[in-house]
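Just so it is clear, the model here is predicted, and its values are computed rather than measured. This chain uses plain numbering: 1 for the first residue, then up along the sequence.
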Amino acid sequence: MQMIQLGDFVLNKELSTIIINSEEVAIEPKLLELLLLFCDSPNRIISRQEILEQIWQGGVVTDNAINKMIANLRKLLADDPRKPQYLQTVPKRGYRLICSVNYINEDEDKPQTKSFSSNEIHIEAQTEVTDEHCFNEVKQTPSLPLKKKSSLLTSYLVFFLVIACFLLMFTFRSEPTIPTTNTHTLELTRQQGIEYSPLINNAENFLLFLKKDPNNNTTLLWRKDLDSNQEYKVDNGDMRISWLITSDNQADNRNDKNQSLFFIGGNKEECQLYQAQWLSKRKLGNIESLFDCSDGKLLNIKYHKQNHQFYYSVQKEDFQPAQIYKFDIKTATHYVINQPEPLGLGNHDIDISPNGEKLLIMRSDKNYHTQLFTLDLTNQKIEAHKKFNYFVNEAIWYHDSVKVLYHAPPPSHQIISSHLNGSDQQTLVSVSEYLSGDMSLIKDKNSILFSTRTTNYNNRWLTGQNDNSKLGHSIVYDILPALLHQSEYYIFVSKRSGKSQLYYGNYRTGESRILSQLNQYMIFRHIEVSADDQFLLLTNHNKVWKLPLQQLMKDKTSIKSLDEYLIYSSEDHLTAANWLSPKLIALTLRHEGKNQLTIYDVENEKSTKMDQQWSKAISDVKNVAFVYLSKAQDKKNVYKVATSLLTTNNKFETNKIAANQVDVIALDSEYRQLKIHDDHFYFINDHQGKKRLNIVPLKSLNKSQPLSKSNKPKSIIIDDNYGYDISDAGIIISELKSREGDIHRTTRQ
C-alpha cells in the first residue's frame, strides 16, 4: 500500500484518506484526484486549464467549480492562502504545491522522495513520465553504478514493464468514450442553502426558483431578473409552494401582464395544482386551485401547452407501481392514458416533447433498471427504446424533439444527450457536484437549466462515548452506522471512494478501513450487527446479505462482490431488517401497499410470513428471549411476545400468536425507527416542529412504579438523520451536517 507524506500529513491513496493530527479523514474522489495531481508535480505551476483537463477530462464545468475545489483543498490542509504552507496561488498562471512530498511504500524500507524548497528544486530521484494508466508510482534511476548482472536484470524488467504498459495503454484507449459537446455552464444562483425547481420564462428575462432556508427549513419563491441580475423574494401570501411547473403561457411576452404561473402547493399533508397571475414582479395573486393531488404521491407533472392539459405520474400507494394520468383544464376531467404496463416502480417520470407530439416515459423495474418509452399523442402508439442498467430518475426531450437528455450512471456527474435508442451519445454537462432531478429547456433552442446538490451526513455520538463528538470528518456522507456489541468497532456506509462502500472503524482510535470495493453502484437500506458480532446483516431494496464480519475484519479483506453472501431476495420492497437472535431475522416487506412481517430462519434457510396484522419485529440484544412487534395501523403501541412462540427446535410451527400470549406496551406517542436496547425503547418522532430521538425506559411504562431520575423518559433534538444505532458505549447517529444546491444553465461559445 503506497502512502504519501505531504508536509505534516500522510495521504493513503488506496483508502482515499488523509491522516491529520493522528485522525484519519476521508477525501472526496475528485478532491483526491486534485491533491494527487499536485503531489505528482511538486513546486510546478499547474494552470486552471490543466486542472480542468486532468480532473474533469475535458468535461464542461464552471469556473466556480474549480474555485470550490481549490478552496476545499485548502480547507482540508488548514492552509491560509495569505500565508500558504502548502498551496500557493501564482497570479494569472495557476497554483503550486510548495511543501515536501515523500512517497512511502509500506512493503519497502526506504521511501521514494521528492524534496524541494520554494526557491529551488533538488530531485533525489529522477522521474520518467509515463502513461497514467501504466504507472502511478515514481520510477527511480539509481545514482550509484550497478553490477553488470543487476543492470542486465533491470534492463529486462524495464523492457517487460514497457511492453505491459503499451498493452494497458491500448486496452484503456480502445474503450469507447462519450464525446463532449462544445458547451459551457453558468451558475445562476449562489445563495447559501438549496435553490431548486428552476424555470426561465419564454422571453428569457427572468428566472424563477424555490429556495429552502437552511435556518428554519421554510421554502420561499424567488425571482431573478436576468437583465439586471437582481434577486428578490416573491410575495405569494401564505401559500406554500413546493414545485414550479411552468412560468407563463404566452409565446413571447416580456411584461408580467397576462402571464400565469402553474405550481404545486399546499400544506404539509396536502397536494394541490394551482394557477396564479403575476400582479407585479414581486407579487402573485388570483391563485386558483385546479385539482387536488393528495390521494397519492405525485412523482412528476408536465404541462401540454398546445392542448391545455397536464400529464402527471402518481404513486397511489407506497411501493406500488406508478401510473400516468391526464388532466384536461377545460373540462376539469382526469383520464388514465395509454402507457407501458406499470411494473416494478412503474412509470415514474415523464416529459412532453417541445413540438407537443410525443410523451417520454421512464419505467423502472424492481431492480431499479430503467427503460425509455414514447407515447405518440396523435395515434396513442407506444414504442420501447433504450434500456439502462441503472436507475434513471429523470430524462427530458432535447429542443429538437428527437434527442433526449439523462444523467450518466453514478457516481459520475454528467448529463448525456443521445437518440432514443442510445446512439450518438454526447456529454452535454459535466460538473463536480451531484446532479439533482431539475432539468428543463430554455426557449433559445440550445440551452438547458439544471440543478446541483451537495448533501453531507456525518456520524457522531449523541450520548456515551465522547458525547456529541464526530466519528470521522468525511466531506462526503457517512451513513447507516451500526455498532458492534462486544468491541470498539462500528460499521458504516460512505461514498469516500465515489460509490457507496462498506467501512469499519474503531470509535476510540478514529482509525477506519474499507470493507468492500464493489464495482456495482449500490444503495444500501439497512445494516445491523448480530448480537455475537459474528455477522453483518445488509440489505438494499429487495435483497438480504449475511456477511462473516469477524472473519472479514480479521483478514482485512475487501469484498469485491456480494453474490456469495446473498441469503434472501423478494419481489416485494424491503422496508426493514433486524436480527431477532443469532438464528432468526425479521424482514418487513411491502406487499400490495401494506407492510407485512416475515421471519427468516438463517440455519434452515426457511421463511414464514406472519399474520398480516404484524408489520415489524425487533429484539433487545441484552435479552433475546422476547420479541417486540409492531402493527401497521398502530403507531403508538408495542406488543411483547416470547421468542419461543416464533420457533421450536429451530423450526417454525405457526405464523399466528394468540391474544393471551401478547403483552401490550403503550408508548403514548407515535414512533418510527423503533429500536430497543437494555430495556430502553428508542424511537424518532416530530414534536413542536422538531425531530426528536426519544429514550423511554421500560420501567417508566409501569404506572404502578414511581419515576426516578434514572428511569424518566427523555428526548434529544436531532436534525435529519440517515440511521442510528445503540450499544453499551452510547448512541451513534448519522446526522445531516449540510445541504447546498445551486442552479446552472448551459451556454455555447
I'd like to know if the side chain of Q426 and the backbone of L428 have a donor-acceptor N/O pair within less than 3.5 Å. no
Between the side chains of S260 and Q277, does any donor sit under 3.5 Å from an acceptor? yes
Should the pair W278 and F206 be assigned to parallel (<30°), tilted (30 to 60°) or perpendicular (>60°) ring geometry? perpendicular
D478-S494 side chain donor-acceptor pair, cut-off 3.5 Å: yes
Side chain to side chain contact (heavy atoms under 4.5 Å, CB included), that's the test. Do F310 and L290 meet it? Break it down for me. CA-CA 10 Å; F310 283 92; L290 299 182; 4.2 Å; yes
4.5 Å side-chain heavy-atom contact, I479 and F524: no
Does the side chain of D328 come under 3.5 Å of the side chain of Q309 through a donor N or O and an acceptor N or O? yes
N/O donor-acceptor pair under 3.5 Å between W397 side chain and D351 backbone: yes
Working to the nearest 0.5 angstrom, can you tell me the gap between I415 CD1 and T427 OG1? 10.5 Å
Atom CG in N347, atom CG in L299: separation rounded to 0.5 Å? 10.5 Å
Should the ring pair Y406 and F388 be called parallel, tilted or perpendicular, given that the plane angle runs from 0 to 90° and is split at 30 and 60? perpendicular
Under 6.0 Å from the six-membered ring centre of F209 and within 45° of its axis: does the NZ or CZ of K211 meet both? no
Just by modelled atom types, is the H308 backbone N or O under 3.5 Å from a matching donor or acceptor in the K330 side chain? no
Does the side chain to side chain contact (heavy atoms under 4.5 Å, CB included) test come out yes or no for L6 and L97, once each step is laid out? CA-CA 10 Å; L6 180 71; L97 189 68; 3.8 Å; yes
Residue list, side chain to side chain contact (heavy atoms under 4.5 Å, CB included) with N393, at least two apart or on another chain: F391, H407
Compare every heavy atom of E231 with every heavy atom of L188, then report the nearest pair and how far apart it is. O-OE2, 3.8 Å
Chi angles and distances behind the salt bridge (Lys or Arg N to Asp or Glu O under 4.0 Å) call for E187, K68: CA-CA 13 Å; E187 195 173 45; K68 285 183 179 179; 3.8 Å; yes
So T452 and T454, do their side chains get closer than 4.5 Å, heavy atoms only? no
Minimum heavy-atom distance between G422 and S418, given as atom pair plus value: CA-OG, 3.7 Å
Of all heavy-atom pairs between T746 and N446, which one has the smallest distance, and what is that distance? OG1-O, 4.4 Å
Got a donor-acceptor contact below 3.5 angstrom from the S353 side chain to the K358 backbone? yes
Taking C-beta and beyond as the side chain, do T189 and L207 meet within less than 4.5 Å on heavy atoms? yes
Is there side-chain contact between L298 and W243, with at least one heavy-atom pair below 4.5 Å? yes
What distance do L360 atom CG and Y311 atom OH have between them, rounded to the nearest 0.5 Å? 13.5 Å
Nearest heavy-atom contact between L221 and L284 is CD2-CD1, 3.7 Å
Side chain S440, main chain L199, donor-acceptor under 3.5 Å: no
Which atom names give the shortest non-hydrogen contact between L76 and L31, and what distance separates them? CD2-CD2, 4.3 Å
Please report the interatomic distance CZ(R74) to CD(Q85), rounded to the nearest 0.5 Å. 12.0 Å
Taking all non-hydrogen atoms of both residues into account, name the closest pair between R363 and P340 and its distance. NH1-CB, 4.0 Å
Main chain of K381, side chain of N379: is a donor-acceptor contact present, judged purely on distance under 3.5 Å? yes
Please check if atom NZ in K403 has more than 12 non-hydrogen atoms from other residues, nucleotides or ligands closer than 6.0 Å. yes
State whether the side chain of E394 and the backbone N or O of D438 hold a donor-acceptor pair below 3.5 Å, judged by distance alone. yes
Between N205 and D227, is any side-chain donor less than 3.5 angstrom from a side-chain acceptor? no
Basic-acidic side-chain contact under 4.0 Å: E50, R44: yes
Output yes when D719 and R739 qualify as a salt bridge under the 4.0 Å nitrogen-oxygen rule, no when they do not. no
Nearest-0.5 Å distance that lies between atom OH in Y303 and atom CZ in F262: 4.5 Å
Gap between atom SG of C293 and atom CD1 of I264 - 0.5 Å precision: 4.5 Å
Can you find a heavy atom in the side chain of Q259 that is under 4.5 Å from one in the side chain of N201? yes
Taking the side chain as everything from C-beta on, heavy atoms only, tell me whether V101 gets closer than 4.5 Å to F38. no
Within the structure provided, determine whether F263 and I287 are in side-chain contact (heavy-atom separation under 4.5 Å). yes
In terms of heavy-atom contacts, does NZ of K30 have more than 12 from other residues, nucleotides or ligands at under 6.0 Å? yes
Sub-3.5 Å donor-acceptor pair from the side chain of H304 to the main-chain atoms of G356, do we have one? yes
Side-chain donor-acceptor contact under 3.5 Å, N338 with Q380: no
Is D235 salt-bridged to R282, cutoff N-O under 4.0 Å? no
Suppose we call two aromatic rings close when their centres sit under 6.0 Å apart. Are Y325 and F291 close by that rule? no
Any I4 side-chain heavy atom under 4.5 Å of L36 side chain: yes
With sequence neighbours left out, write down each residue that passes side-chain hydrogen bond (donor to acceptor under 3.5 Å, both in side chains) with S436, or none if nothing qualifies. none
Checking Q414 side chain against A408 main chain: does a donor-acceptor pair fall under 3.5 Å? no
Could you go through the side chain to side chain contact (heavy atoms under 4.5 Å, CB included) check for F450 and L405 one step at a time? CA-CA 11 Å; F450 65 95; L405 305 177; over 6 Å; no
Check this for me: does any side-chain nitrogen of one of R223 and D225 sit under 4.0 Å from a carboxylate oxygen of the other? yes
Distance-only, no hydrogens or angles: does the E357 side chain make a donor-acceptor pair with backbone N or O of N355 under 3.5 Å? no
